[in-house]
Asker: 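This structure is in structure tokens; I'll ask about it shortly.
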Number of protein chains: 2
Amino acid sequence: LISMRNIWKTYQMGEEELHALRGVSFDVQRGEYVAIIGPSGSGKSTLMNLIGCLDTPSQGHYWINGKLASDMNDDELARIRNKEIGFVFQTFNLLARATALHNVELPLIYAGIGATERHETAKRSLASVELADRMMHKPNELSGGQRQRVAIARALVNHPSLLLADEPTGALDSKTSFEIMNLFERLHAEGNTIIVVTHEHDIAERAHRVISIRDGKIDKDDRIR
Amino acid sequence: LISMRNIWKTYQMGEEELHALRGVSFDVQRGEYVAIIGPSGSGKSTLMNLIGCLDTPSQGHYWINGKLASDMNDDELARIRNKEIGFVFQTFNLLARATALHNVELPLIYAGIGATERHETAKRSLASVELADRMMHKPNELSGGQRQRVAIARALVNHPSLLLADEPTGALDSKTSFEIMNLFERLHAEGNTIIVVTHEHDIAERAHRVISIRDGKIDKDDRIR
Ligand SMILES: Nc1ncnc2c1ncn2[C@@H]1O[C@H](COP(=O)(O)OP(=O)(O)OP(=O)(O)O)[C@@H](O)[C@H]1O
Ligand SMILES: Nc1ncnc2c1ncn2[C@@H]1O[C@H](COP(=O)(O)OP(=O)(O)OP(=O)(O)O)[C@@H](O)[C@H]1O
Ligand SMILES: [Mg+2]
Ligand SMILES: [Mg+2]
């Protein structure tokens with residue numbers, strides 16, 4: 001499903017070059033459940049943004065579904081991002097002026113789903129993260145963990161074949177984290193692919209494979225189940 | 001130092017009332033180290049904002065330093081917020097267009113510290129959270145955990161007598177979390193007061209007292225050291 005070869009991501013900081021990723025290569029097959037771990041600043045979110053086609057590498061090649069991402073036009077990229085991929089961002093990225101419900105409806109709007117079905121599906125997605133009673137709240141009327149759950153509900157609402165979750169339980173208590181991981185495992189059991197960035201060991205050990213990143217490079221890549 | 005009696009915080013949602021806090025009462029003495037735990041949405045951040053004088057209760061009384069917060073004028077409140085209290089926000093609240101260094105200098109600017117000393121002090125605070133080499137980055141040029149550390153450095157830079165930290169290690173790996181907790185304990189050992197909201201048990205058990213919040217009420221209040 002995903003193939004990266006010799007990926008570099010470099011930022012120009014005035015005179016200096018900062019290499020966030022330094023020659024990363026790996027494959028992920030359809031249906032895998034991968035955890036990405038590593039210290040703060042090691043390059044995990046940068047890598048996730050490349051996988052999700054939200055950013056482009058400075059060097060190297062990235063194939064998704066057998067096609068080079070750099071060969072895709074804007075329509076193809078938009079379709080992949082909105083229909084195939086569900087992305088839980090580390091900083092949630094919710095629309096500040098829209099309700100939780102409308103935020104969760106967004107991917108369904110891109111998918112061309114009609115208003116009534118969209119409403120119902122978004123409601124169900126919010127119910128699955130225990131936020132049915134907060135649907136009409138805007139992000140600034142929600143707690144940190146509630147916003148994170150809206151971001152999760154939005155990522156799952158399209159039933160994505162590839163779920164990219166960047167620290168999806170950072171703001172959640174252990175009971176809620178457990179419920180979210182159960183949701184992810186249900187999605188995975190249906191044959192979908194899951195890549196989770198996490199700092200938490202109990203989250204990482206529920207994956208089938210753990211890739212460890214350090215200073216922009218892959219440091220370990222172990223099958224654990 | 002802090003005294004709350006029968007504190008309520010109520011939001012009007014159209015026709016309905018949402019009670020985020022429902023009659024909270026407790027005291028914190030100078031020099032205590034308190035952890036506040038509780039499920040997502042239970043009222044922890046709401047409580048922290050009241051303690052930090054960033055918000056006012058709908059009902060009840062709040063004394064800080066023996067004086068009713070509702071009796072204070074804007075100058076007194078500003079002085080307390082900028083000189084006495086260090087606040088690590090759950091959502092960091094960094095200035096997006098300022099560098100990490102400038103963000104950390106902000107409390108020193110309010111304290112009237114001159115430019116050279118301010119620069120040095122802010123640099124040292126960033127070094128204490130291992131971000132000396134990221135001083136000139138703006139928040140969107142930093143990783144999630146790096147932003148959290150800038151927020152921590154800013155909260156500590158004024159050597160506050162009251163540190164309020166709302167989930168200060170949510171975006172950090174365990175090694176970095178450990179280092180941050182050591183910083184907090186050094187501050188506490190110097191006689192300062194610390195109140196930390198956390199979802200993580202290893203963080204909570206380093207405090208001397210754990211207050212558990214559920215549905216806007218205090219559910220338990222235990223001395224653990
Ligand atoms: N726009 C940018 N300009 C310059 N440097 C950047 C930029 N974005 C990220 N970086 C740097 O790239 C490195 C990797 O960042 P990234 O966000 O991928 O880390 P991370 O592994 O997700 O960390 P965390 O666990 O803290 O979220 C960091 O050291 C960061 O400072
Ligand atoms: N402006 C607001 N309007 C309406 N409801 C609000 C508002 N702000 C917060 N709430 C509600 O008040 C409750 C408490 O929120 P608070 O942010 O204090 O929770 P929390 O304990 O910090 O949660 P978390 O662990 O998820 O950060 C939540 O259920 C939230 O939906
Ligand atoms: Mg990150
Ligand atoms: Mg909170």
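Predicted, not measured: the structure shown is a model, and the values here were computed from it. Worth knowing before you read on, the calculation uses all heavy atoms, side chains too, and leaves out hydrogens, waters and symmetry mates. Order of the sequence lines sets the chain letters (A, B, ...), proteins ahead of strands, with each chain counted from 1.
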Asker: Taking CG in Asn140(A) as the centre, count heavy atoms belonging to other residues, nucleotides or ligands within less than 6.0 Å. Is the count above 12?
Answerer: yes
Asker: Surrounding CG of Asp215(A) (heavy atoms of other residues, nucleotides or ligands, distance under 6.0 Å), is the total greater than 12?
Answerer: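 At most 12 heavy atoms, drawn from other residues, nucleotides or ligands, come within 6.0 Å of this atom.
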Asker: With a 6.0 Å cut-off (strictly less than), is the heavy-atom count around CG of Asp133(B), excluding the residue itself, greater than 12?
Answerer: yes
Asker: Around atom CZ of Arg225(A), are there more than 12 heavy atoms from other residues, nucleotides or ligands closer than 6.0 Å?
Answerer: yes
Asker: Checking Ser40(A) against chain B: side chain, backbone, both or neither under 4.5 Å from a heavy atom?
Answerer: both
Asker: Which one, Met136(A), Glu141(A), Lys175(A), His201(A), leads in non-hydrogen pairs under 4.5 Å with chain B?
Answerer: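 When all of Met136(A), Glu141(A), Lys175(A), His201(A) are compared, Glu141(A) has the most.
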Asker: Do other residues, nucleotides or ligands put more than 12 heavy atoms under 6.0 Å from the CD atom of Glu16(A)?
Answerer: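 No, not enclosed.
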Asker: Between Thr91(A) and chain B, which part of the residue has a heavy atom less than 4.5 Å away: side chain, backbone, both or neither?
Answerer: side chain
Asker: Which answer fits Gln146(B), side chain, backbone, both or neither, if we ask what part of it has an atom under 4.5 Å from a heavy atom of chain A?
Answerer: both
Asker: Can you find a heavy atom in the side chain of Leu18(B) that is under 4.5 Å from one in the side chain of His137(A)?
Answerer: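 The answer is yes; the side chains approach within 4.5 Å.
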Asker: Distance check, rounded to the nearest 0.5 Å: Asp173(A) atom CG versus Lys44(B) atom NZ?
Answerer: 7.0 Å
Asker: Rounded to the nearest 0.5 Å, how far does CE of Met13(A) lie from CZ of Arg134(B)?
Answerer: 8.0 Å
Asker: Starting at NE2 of His199(B), measure out to CD of Glu200(A) and round the result to the nearest 0.5 Å.
Answerer: 10.5 Å
Asker: Other residues, nucleotides and ligands only: do more than 12 of their heavy atoms fall within 6.0 Å of CG on Asp222(A)?
Answerer: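 Enclosed.
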Asker: Closest approach of Glu167(A) and Gly170(B), non-hydrogen atoms and distance?
Answerer: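 Answer, listing the atom of Glu167(A) first, then Gly170(B): OE1-O, 4.3 Å.
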Asker: What part of Glu130(B) gets within 4.5 angstrom of chain A, counting heavy atoms only: side chain, backbone, both, or neither?
Answerer: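 The answer is neither part of Glu130(B).
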Asker: Of the listed residues (Ser174(A), Ser42(A), Pro39(A)), which shares the most heavy-atom pairs with chain B below a 4.5 Å separation?
Answerer: Pro39(A)
